[in-house]
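What follows is a short report on a single structure.
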Amino acid sequence: MHFNLNISGYEGPLDLLLDLSKKQKVDIKKISILELANQYLDFINKNLDNLKLSADYLVMASFLAFLKSKLLLPDEKEEVELLEEDLSNRLIHYNAIKTLTKKIFKLPQEGNDFISVRINNEFKISNKIVPEASLQDLILKYSEITKKKNTMKVLIDELEQFTIEDGLSWIKNFLNVDNTSWLSLFSFLPKKNLNDKNKKSAILALFQASLDQANQGEIEINQNSHFQKIMVKSKNG
Amino acid sequence: MDEKQAKNLVEALIFSAEEPLSIESIRKILSSYGKFNLEKLIDGLENDYKSRGINLHSIEKKNYYFRTSEDLGVFLNIQTKKTRNLSQAAMETLAIISYHQPVTRAEIEKIRGKPVFRGTLDNLLSLKWIKPAGRRETPGRPVTWVTDLEFLKHFGLSSIKDLPKVDELESIIM
Amino acid sequence: MDEKQAKNLVEALIFSAEEPLSIESIRKILSSYGKFNLEKLIDGLENDYKSRGINLHSIEKKNYYFRTSEDLGVFLNIQTKKTRNLSQAAMETLAIISYHQPVTRAEIEKIRGKPVFRGTLDNLLSLKWIKPAGRRETPGRPVTWVTDLEFLKHFGLSSIKDLPKVDELESIIM
C-alpha cells in the first residue's frame, strides 16, 4: 500500500498510527497490529530525511520493529499478545480522547454561543480587600521569569554550537569525494556528535555555509518547491 | 428583611459579582439580615429565569452566575471576545486533563504518545482552564493537574460530570 | 422569531451591552428577525423587572440598562470594598520568593534583573503573603524572605511543596 502522507500533519507517533489503522477500515479493536507495524515502518522509511521526524517517531518505529520480529516468531506468543493488547489499548484510548476533544469543542462556548452577564455597579462584591492574583498568575509569572533566564543560557552555551566554518568543512569533505552529482544538502550533516541540543545549530551552520559557497560560485543550490529537499552540486564538477 | 427582599438581594448580588459568586459568600452577606433558606431562594430564581433571555447557571451547584440563553446565540451575534485558537496539542491535553483529573504530565504524555510542551500548559493556565492540584504521592511526587472553574464556565457545563462521553473511554478508565 | 423570543433577545441585548443601549440599536438588530412593536416589548420587560432585585431603567426613554433595585441600596452599600490589582513588580517578587525561599532581597533583584523597592515588600508583607525569616550568614547578614500562611490560603495550596516546578511545566524540546 502506498500513502501520500506528510508527517507534519500528525500530532505524534500515536496519531500517525491511529490514522494508519483507520485505513484498515475495520473496528479499531480488531486491527491487525502486524499490518499496522508494516505500514508505520514503511511510512517512517519514506520520511526518514524529513527534518520534522522527531525522536518519538523513531522510538515508536523501533518498538514496532521489535514487535514485528516477535510476531513472526511462533514461540513467544504470550508475551507478544500482551504487547499487542497494550498497543491496541493505547490506540483505543487515544482515539477516545480525540473523539472527546472534538465533542468538547463542539459544545456551546462562552463568547460564541452565550456570554455571562453582570451589571455595572459602582460596587464590587468581595468580602476582603485582596489582590486579584490567582495561582495560575503566579505560576505563569515565574515561568516567564525563568524563560528569560533560559534564553540567556542558550547565548552563553557556545561550546556546544557549530559555526559556519564547521558547515564549510562538511560541504568540502563531501564535494571532494563526489563533485559530479546532485546531493541532498542535509546528507552532509555529521553522523556523529549530534544531540538534540546542537542539531539545530548544525543545520543552521550547514545552511549558512551552503549559501556562502553558492555566493562564492563554488556550488549550485536547487529546491523544487517548499519543503522539498534542498539539493547541492559542485560547480567545478 | 422579608423573603421577597432576600431573594431580590441574592439576585442583585449575583448580577453584580465579577466572577461566579459562591454560595458561601451569598450566605455570609445574607446572614446579617435574617434567617433564610438560601437554596430555596436560589431555586426560585433559577425558575424565574428559566425561559427568559438571561438564565441563572451554576457550577457544581456552588458558584452562581447569569448568562445569556443559548437559544439566542445566533441572534446575539456576539463579538465581545472571540475564543482564541488553541493548538491541537492544547485541546487534546485539555481533554485528557478533564477526563483523567487529577493527572500528571507524564500520564498525559503517555496517552498522547508525545511530550507536552511547557507552552501548552502555560496556554491552558493563562485561560484559567486548568490549575495544579497537589502532588501524586509516588516517587518524584509529580504535580497533578485538574480543570478549573473557568473551563466549566466557558463550555457552559454545570459539572465535570456533564462532559460528553464515549464508551471506549469508560471501558478503559472505569 | 415569535414575540416571546423577540422579548428575550431584547432582554439579552440590554444585559450584554457595556453601556446603556439605545433603542435605535435594538430596533436595528430586531428588524432582521421580523416586525415587532419594540416599545411594547420594552414595556413588558420593565414590568417583569418592576419588583425584582434588578430593574430596567432608561435614560429619557432612549437608552436602556439594568441596575440593582434602589430598595436594596441600604443592603448593597455595605459591600463597597474593592479588590485591587497587584503590581507587576509585586507579582514577580512574590513568584520568586515562593519558588526560591528563603531568599534575600539582593537575590530577588538578581533574578529579576531589576531593583526591588521596599514598598513592594511592604505590600506583600501587609497582605501576610510573605514574612522575614532570619538572616543569611553571609557578609552583611541580609534578611531572608519566605511565604506566609495567608499566601497558601489565598492560592489554595496545602503546602509550598505543591507549587509546580518549572521543569514540570517544561518538557524536553526535541
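Within every chain, numbering begins at 1; the chains are lettered A, B, ... in the order of the sequence lines, protein sequences first and strands thereafter. Note that the coordinates shown come from a computational prediction; the quantities given were computed from them, not determined experimentally.
Taking the six-membered ring where the residue is Trp, the centroids of F15(C) and F15(B) are separated by under 6.0 Å.
Between atom CZ of residue F66(B) and atom OG of residue S16(C) there is a gap of 13.5 Å, rounded to the nearest 0.5 Å. Note that NE2 of H154(B) and CG of L149(B) are 14.5 Å apart. Values are rounded to the nearest 0.5 Å.
Of the two parts of K131(B), neither the backbone nor the side chain holds a non-hydrogen atom closer than 4.5 Å to a non-hydrogen atom of chain C. Contacts between K165(C) and chain B at a heavy-atom distance below 4.5 Å involve backbone atoms as well as side-chain atoms. Looking at R141(B), both its backbone and its side chain come within 4.5 Å of chain C, counting heavy atoms on both sides. In this structure, the portions of I54(B) lying under 4.5 Å from any heavy atom of chain C include both its backbone and its side chain. Residue contact with chain B, scored on non-hydrogen atoms closer than 4.5 Å, is absent for L157(C).
For the pair K128(B) and F151(B), the cation-pi criterion (under 6.0 Å, within 45° of the ring axis) is not fulfilled.
Residues meeting the salt bridge (charged side-chain N to carboxylate O under 4.0 Å, His left out) test with E60(B), sequence neighbours left out: none. Partners of L125(C) by side chain to side chain contact (heavy atoms under 4.5 Å, CB included), not counting sequence neighbours, listed by chain and number: R118(C), D122(C), I130(C), P132(C), W145(C).
Applying the ring pair (Phe, Tyr, Trp, His ring centres under 6.0 Å) rule to pairs touching residues 107-127 of chain C yields nothing, sequence neighbours excluded.
Of residues 35-52 of chain C, those residues lying under 4.5 Å from chain B by any heavy-atom pair are L45(C), D48(C), Y49(C), S51(C), R52(C).
Residues I111(B) and H100(B) form a side-chain contact, since some pair of their non-hydrogen atoms from C-beta on lies under 4.5 Å apart.
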